[in-house]
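Here is the structure we will look at.
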Amino acid sequence: MLALITGGFFKIGLFFYATVLSLSYVFKLKNPSPLVFPIGLVILFYSLSLTQNYFEHVYEGLKIIPFTLHLPFQIVIPALLLVIAFLRNRKKIQSLPMKNTAENS
């Protein structure tokens with residue numbers, strides 16, 4: 001149980017640190033420390049309002065989250081990016097002049 005709590009603490013701490021650094025980069029702040037308290041409050045209020053009890057938490061994790069998060073982020077967005085990359089690469093290949101392979105040999 002201690003390993004689970006410690007692992008959860010470090011995981012949340014790492015995600016929090018990444019969020020603070022990312023937002024300081026987005027807003028072009030030299031010092032990210034003014035963002036720590038507001039982001040901490042947002043996380044606190046969001047975590048308290050997300051579910052009221054453990055059973056709601058399990059229900060959302062098993063029934064709602066797979067369709068709202070896992071499906072888009074694991075299937076839809078990567079497939080869309082693959083199609084976009086394929087179309088961009090195809091345009092680049094078509095625009096390049098053909099080289100004579102007999103001259104290169």
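Along the sequence shown, residues carry numbers from 1.
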Greater than 12 external heavy atoms within 6.0 Å of Y59's OH: no
Over all atoms of both residues, closest heavy-atom pair of L48 and Q52: O-NE2, 4.4 Å
Connected via hydrophobic side-chain network under 4.5 Å: F15 and L44: no
Spatial distance of atom CG (L82) from atom CG (L87) [nearest 0.5 Å]: 9.5 Å
Closest contact, heavy atoms only, P66 versus G61: CD-O, 3.5 Å
L50 side, atom CG; F45 side, atom CZ - distance, nearest 0.5 Å: 14.5 Å
Linked, directly or transitively: I43 and L35 (ILVMFWY side chains, under 4.5 Å): yes
Test side-chain contact (heavy atoms from CB on, under 4.5 Å) applied to L71 and I75, T68, L69, the passing residue: I75
Interatomic distance, I12 atom CD1 to T19 atom OG1 [nearest 0.5 angstrom]: 11.5 Å
Joint cluster assignment, V20 & L23, ILVMFWY side-chain distance < 4.5 Å: yes
ILVMFWY network linking F86 to V83, side-chain heavy atoms under 4.5 angstrom: yes
Hydrophobic cluster membership, F16 vs F10, 4.5 Å side-chain cutoff: no
Within-4.5 Å side-chain heavy-atom neighbours: L14 and K11: no
